[in-house]
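Every chain is numbered from 1 and lettered A, B, ... according to where its sequence line falls, protein lines coming before strand lines. Not measured: the values here are computed from a predicted model.
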2 protein chains.
Amino acid sequence: MTDTRAYHHGDLRRTLLAAALEAVGEVGPAALSLRDLARRAGVSHAAPAHHFGDKACLLTALAAQGFDLLAQTLTEADGDLLEAGVAYVDFAVTHRAYFEVMFRPELYRADDAELTAARGRAGAALRSGVAALPTGGAPADTDRDSLAAWSIAHGFATLWLAGALPDRVGDNPREAARAVLRRLST
Amino acid sequence: MTDTRAYHHGDLRRTLLAAALEAVGEVGPAALSLRDLARRAGVSHAAPAHHFGDKACLLTALAAQGFDLLAQTLTEADGDLLEAGVAYVDFAVTHRAYFEVMFRPELYRADDAELTAARGRAGAALRSGVAALPTGGAPADTDRDSLAAWSIAHGFATLWLAGALPDRVGDNPREAARAVLRRLST
DNA sequence: CGGGAAAACTTGTCAGTGGCAAGATTGCGC
DNA sequence: GCGCAATCTTGCCACTGACAAGTTTTCCCG
C-alpha cells in the first residue's frame with residue numbers, strides 16, 4: 001500500500017510512534033533508541049529527528065497519547081469510583097508502555113501544550129468520578145478523596161508493574177486491585 | 001587523607017556508591033554514567049567495572065542499601081501505621097535517589113541475594129506495622145490492609161516525585177501525606 | 001505546465017557511553 | 001624478598017543522540 005515510496009513515507013510520524021510504543025514495551029522507556037525505531041520503520045537513522053527533533057519530544061508525543069487514552073478509559077467508568085480505580089490499574093497493566101512513559105516526566109517535555117492538555121483531561125475524568133461518589137452524609141472533601149483514590153490506584157499499579165508485590169496477590173490485576181481499592185470505601 | 005594513592009584507593013567501592021547516589025539525584029538512575037562516576041572518583045573509566053562488573057550490578061548494590069535504609073526507617077515508626085506511611089513518603093522524598101532506583105527493577109539484578117534479603121526486611125517492617133493496627137472489632141485482613149497501606153503510601157510518594165500532583169497539595173510532603181493517608185483509617 | 005521553494009528523508013560526522021581485553025602497579029602472604 | 005592475586009589503567013569496539021549538509025520528492029503559484 002504505502003511501502004514502495006523511498007521518500008515521503010506519508011505516515012512516518014505515526015509509524016515511528018507505533019514502533020516506539022512497541023520498543024518501550026520491550027526495553028522500557030529509558031533504553032529506547034531512536035536508531036532502533038528508524039530501523040524498525042525502515043528509514044535512515046536521522047529520520048526520527050526530523051519529525052520529533054528530539055528523543056524527549058518523541059516521548060512527549062507518546063505520553064500525550066497515553067494521557068488521552070487514560071482519560072477516555074476513566075470516562076467510560078464514570079460514576080463508579082471503584083470501577084474507575086480498577087480501570088486505572090487495568091490501563092497501567094494492559095498499556096504498560098504508555099503508563100511507564102507518562103509518569104517519567106524527566107524523559108519528556110512536561111510543559112508541552114498538547115501534553116498538559118491531555119493530562120488535564122485525564123485529571124478531570126478522575127476528579128469527576130470522585131465528585132460523583134455518594135458521601136453517606138459526611139461532608140465531602142473531594143480534593144483529599146481524589147488524591148487518596150488516585151494514590152492507592154497509582155501505587156498498586158506501580159507496584160504491580162515493578163513486580164514488587166508478593167506472589168500471594170495472584171496474577172489477575174483487576175481482581176487484586178478491586179480487593180485493595182475496596183479498602184477505601186469501607 | 002586517602003587521596004595520594006594512585007593505586008589501591010582503598011575505599012573505591014564505597015566512594016563509587018556515594019558518587020552514584022549523588023549522580024542519580026542529579027540525572028536520574030537511567031541516565032547514570034559509569035564513566036561519570038569514575039571521573040567523580042578520580043579513577044579511570046574502567047575502574048567501576050572492576051568492582052561491580054556492570055552498571056546493573058552497581059545499581060543493585062545501591063538498591064540494596066536503599067531497602068535497608070527503608071527497613072530501618074519503617075521499623076522506627078513501628079506500631080503506628082499512619083506514621084509509618086508518613087515515614088515511607090518522607091523516605092521517598094528525602095532519599096529520592098535511593099527510592100528511584102529501588103523501584104526500577106529493570107535497571108538492576110532483582111534476583112541478587114543481598115538485595116532480596118534487604119527487600120524482605122523492608123517488607124517485614126511494613127507488614128508488622130499493619131499487623132499491630134487495632135482492628136476496632138472487625139476481623140483483620142492483614143494481607144489486604146498492608147497492600148492497601150503500601151499502595152496508598154507508595155502511590156502518593158511516586159506521584160509526588162513525578163511532580164504529577166496539583167499545586168494545591170502544597171510543598172510539605174509529610175503534611176500532605178498525612179492528610180491523604182488518614183483517609184485509609186476512617 | 002513548469003519552476004522554485006519547502007518538506008521529507010539520507011549521508012556523514014562527532015562526542016559520549018558500556019563493556020571487554022590486555023597490560024601496569026601495588027600490596028599481601030609465605 | 002618473591003610470587004601472586006587484587007586493584008587499577010589504557011586501548012579498543014560497537015552503539016547512541018545530535019547536528020550539519022546534501023538529496024529527493026511534493027506542492028503551490030504563476
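- Nearest nucleotide to the side chain of B:A47, out of D:dC8, C:dC9, C:dC20: D:dC8.
- Taking 4.0 angstrom as the limit, A:H50 places none of its side-chain polar atoms (N or O) nearer than this to OP1 or OP2 of C:dC9.
- A salt bridge links B:D54 with B:R109: at least one charged nitrogen is closer than 4.0 Å to a carboxylate oxygen.
- Contacts of residues 24-39 of chain B with DNA chain C (heavy atom under 4.0 Å): B:L32, B:S33, B:L34, B:R35, B:R39.
- Partners of B:R40 by side-chain hydrogen bond (donor to acceptor under 3.5 Å, both in side chains), not counting sequence neighbours, listed by chain and number: B:E22, B:E26, B:D36.
- Closest to the A:A46 side chain, of the nucleotides D:dC8, C:dC20, C:dT11, is C:dT11.
- Not counting sequence neighbours, A:H51 has no partner by the ring-ring contact (aromatic ring centres under 6.0 Å, His included) test.
- Note: CG (B:D54) to C1' (C:dC20) measures 12 Å, nearest angstrom.
- The 12-atom threshold is not exceeded at CG of B:D171, counting heavy atoms of other residues, nucleotides or ligands nearer than 6.0 Å.
- The aromatic ring centres of A:F99 and A:H95 sit 6.0 Å or more apart.
- A:H45 comes within contact range of at least one nucleobase, with a heavy-atom separation under 4.0 Å.
- Here the C1' atom of nucleotide C:dA7 and the CZ atom of A:F52 are 16 Å apart, to the nearest Å.
- Ionic pairing of B:D143 and B:R127 is present here: one or more N-O contacts between side-chain nitrogen and carboxylate oxygen are shorter than 4.0 angstrom.
- Going from atom CG of A:L59 over to atom C1' of D:dG17 covers 13 Å, rounded to whole Å.
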